[in-house]
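For reference, the structure is listed below as C-alpha cells.
Atom set for the values below is all heavy atoms of this structure, side chains included, hydrogens, waters and symmetry mates excluded. Source: prediction; values computed, not measured.
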Number of protein chains: 2
Amino acid sequence: MSTDTGASAEAEARAAGAAGTSGAAGTSGAAGAEDEAGAGSGAARLQQLFEGHRLTPTQRRIAHCMVRRAADAPFLSSVELAELAGVSQPSVTRFAVALGFDGYPALRRHLREVAPAERGAGEDSYNEYQQAVQSEIDNLRHLASLLADPAPVVRAGRLLAESRPLPVLGLRAASAQAGGFAYFARKVHPDVRLLDEGGTMLADRVDAAVRAGATALLCFALPRHPREVVEGLEYARSVGLTVVTVADSAFAPVARHSDLLLPAAVGTGLAFDTACAPMLLGRVLLEAMCDALPDAQARLEEFDAKAAARGLFAE
Amino acid sequence: MSTDTGASAEAEARAAGAAGTSGAAGTSGAAGAEDEAGAGSGAARLQQLFEGHRLTPTQRRIAHCMVRRAADAPFLSSVELAELAGVSQPSVTRFAVALGFDGYPALRRHLREVAPAERGAGEDSYNEYQQAVQSEIDNLRHLASLLADPAPVVRAGRLLAESRPLPVLGLRAASAQAGGFAYFARKVHPDVRLLDEGGTMLADRVDAAVRAGATALLCFALPRHPREVVEGLEYARSVGLTVVTVADSAFAPVARHSDLLLPAAVGTGLAFDTACAPMLLGRVLLEAMCDALPDAQARLEEFDAKAAARGLFAE
DNA sequence: ACGACTGTGCATGACTATATGCAGCCGCGG
DNA sequence: CCGCGGCTGCATATAGTCATGCACAGTCGT
C-alpha cells in the first residue's frame, strides 16, 4: 500500500494538474451541458473551490475524485469519499479544513447548498399559475423516468388490444380522461365501451362487456378516489377481467384491485387537480395498444380518407 | 441488524421476492427486461420496491418523498429523510424494516447499488414514449412563459364567472377537455352547460343558453379542428356571446371567431395528440374564474362536507 | 361507550462517522 | 551522516446517526 501510495499520488498530481490547466475550457463546456443533474456545473464550482489553495498530493487526489463524482459528492461520508479516492479518512477531514471549512460536514453542507441552487434557480419569481405549470413539468419529468422501462406499458397495451370489447372506466374527475382515451381508442379498436357513470348500472355494463367477450378493463383513477371506482374494479376482477389502472399514485385505494398499475402524479397547485401526466400516460398506453393492433394503421388511414371526403375538418 | 454488509444480501433477496410474487399491483413485468441498461430509472425502481407492501400513511409520505427526490435519496441519512418527509426519524427506520430490509442503512445501500445505472446511462437515449413526454414538457414551459403575464387569463376568468349560465364547447377530441372543465366548474359555478355534441342541436343549445342569460362561451379547440366548431363559434358570436377560446395555436381556424384566444400547444409525438397544455390552461382558467366568483370557496367547502357525509370518496 | 389495536412521536442506548493526537515515512539542507 | 519539517496513516475521543422501548392518539369492532 505504502509503495503504491507514492507512485499513484504522483500520477494523480499530474492528472489533477492537467485538469487544472484545462479548467477554464472545461468549466465553460460543462456549463453548456447543463442537463446532467448539476454534475457539470457542480464540477465547475468544485474547480473554483479548489483553485487558489495549495494542495498536497493526497488532497489533489481527493479533489479529483470529487470532481469525477460531483453528483454524489455532496452526500458521501468522509469514509466513503476516502475509499473512493484511495486515501485515509483523516485526510478527507484535513482536506476540508485546508479549504477553509470547519470540518468535513461543513464542506459537504456547502456542496449541498450550492449545487441545488442551480437546479431550481429562482422558483419564487413565478406567479401562482406558473408555479402550477412548473409542478406539472416535474410530474412529467417523473413520468419520463418511469417510462425508461417501457415494459409495463407495452404489456398493458397488449392486454388492452386483445380485449374485445374494451371497457374503459373513469368516474367523476376521471371521466374526462376516460372519455378522451375512448374517443381516440375507437379509431383503432373496433369496440370501446366508455364506463363513465357509476351507480348500479356500472356492474350491469361490466357484465355486458364480459358477456360480449371482454378480457381486460382500463381504469383511470384520480383523486379524490370515489368509492364506486374501488367497488367497480373489485367487481370487474371478480368476473374475470384483467384490470389495468392509470392512477395518481402506486398507493391509491385502487391499487389492491388492479392487476397492472401505472402511476402518474396529478398536480395539486391549483384549486382543482391537474392531470397532465395521467392524460399523457393514457396516450402512451394508446400508442402501445396501436402497436399491438395489426390493423391500427389501416383504420386510421381509412378514417382520414373518409374525413377528408366529408370535409369534416377545417384548415 | 448492526451489521449491514452481511445481512443486506438477505434483505434484498426478500424484498425482490416480495415484489415478484405480488404481481397483483405492479409496474413490474420488467423481470425479463431487467438487464437493459439503466432499466427503470431510480424512480421506477423505487416504485417497484414499494409495491406489494402494505404501507401506513406515514410510510407512504416517506415513499413519496423518496420518489420526489430520487436522485438524493440514496445518500440521505434517516434524520434528513425524516425532515424532508415531515415525519419522525424512527418512522424512517420502521419504513425500511417494513420493506424487508434489516434497517435503514440496508435500504440506503440497496438504493445506491441500483441507482448508478441511471446516471451513467446517456440521457439522450430517450425512447419513443419519453420523447413524447419531453416535447410536452417543452409545451408546458412555453405555457409557463405565456403565463408570465396573467392579465388575459384573469380577464377570461372574469368573463366566464359573470356568465350565467356558462356554456362550454368542445367537440370530438376536445370534448374530453370541455367535459373535464365543466365537471370542476360546476363545483363553483351554478350553471355550466356542456356543449359536446355537434350537429344541428348545437345552435339550439347556444340559443337556449343565451335565452337563459349567458353572456360568454368557453371553447376548447384542438386539432384537427372540426368545421362544426368554427361554425358554432361564428353562430355564438352572432347571437351576442363573448367567446373565450383555448386553442392549440393563435392561428387556429377558430381564431377569427374568438374574442379572447388563449394558446396552448398540443404534443404531436404520438399517434394521437396530447393536450397537456390546453388541459392545464383550462384549470388555470378555472382558478381565475374561482377568484372572480365570491362564493366559490364556500361552495367547495359545502361540497366537501356533503361528500364526507355520504362517504363518497375512499381513503 | 368501551376495550383492543394499530400507528406515531419521544427518549435513550448502541453504533457509526468525524476530528484529533501520535508515530512513521519521505525529501531536503546542514 | 544526521536532523528537520511536512505529509500521511493509525488509534482513539467525540459528535452525530440509527434502533428500540414506551406512552399517547386515533380507529375499529364489539
Tell me what B:Arg108 touches on the nucleic acid: a base, only sugar-phosphate, or nothing, going by heavy atoms under 4.0 Å.
-> sugar-phosphate

Atom-pair distance ([atom1] on [X]; [atom2] on [N]), nearest Å:
{"X": "B:Leu81", "N": "D:dA19", "atom1": "CG", "atom2": "C1'", "result": "16 Å"}
{"X": "B:Ile62", "N": "D:dC18", "atom1": "CD1", "atom2": "P", "result": "13 Å"}
{"X": "A:Leu107", "N": "C:dA17", "atom1": "CG", "atom2": "C1'", "result": "15 Å"}
{"X": "B:Arg109", "N": "C:dT16", "atom1": "CZ", "atom2": "P", "result": "13 Å"}
{"X": "B:Glu83", "N": "D:dG16", "atom1": "CD", "atom2": "C1'", "result": "13 Å"}
{"X": "B:Tyr104", "N": "D:dT20", "atom1": "OH", "atom2": "C1'", "result": "18 Å"}
{"X": "A:Asp102", "N": "C:dA19", "atom1": "CG", "atom2": "C1'", "result": "12 Å"}

Decide yes or no for A:Leu76 and A:Tyr104: does some side-chain heavy atom of the first lie under 4.5 Å from some side-chain heavy atom of the second?
-> yes

Got a sec: does the CG of A:Asp204 have more than 12 other heavy atoms crowding it under 6.0 Å?
-> yes

Do the side-chain N or O atoms of [X] get closer than 4.0 angstrom to the phosphate oxygens (OP1, OP2) of [N]?
{"X": "B:Arg94", "N": "D:dC18", "result": "no"}
{"X": "A:Ser77", "N": "C:dT16", "result": "no"}
{"X": "A:Thr58", "N": "D:dC7", "result": "no"}
{"X": "B:Ser91", "N": "C:dG9", "result": "yes"}

Does A:Glu228 use its side chain to pair, donor to acceptor, with the backbone of A:Gly199 at less than 3.5 Å?
-> yes

Between B:Glu287 and A:Ala271, is there a donor-acceptor pair closer than 3.5 Å when you use the side chain of the first and the backbone of the second?
-> yes

Residue whose nearest DNA chain C nucleotide is more 5′ - B:Val87 or A:Pro90 = B:Val87

base_contact_polar (D:dA19 base, B:Gln89 side chain, donor-acceptor, <3.5 Å) | yes

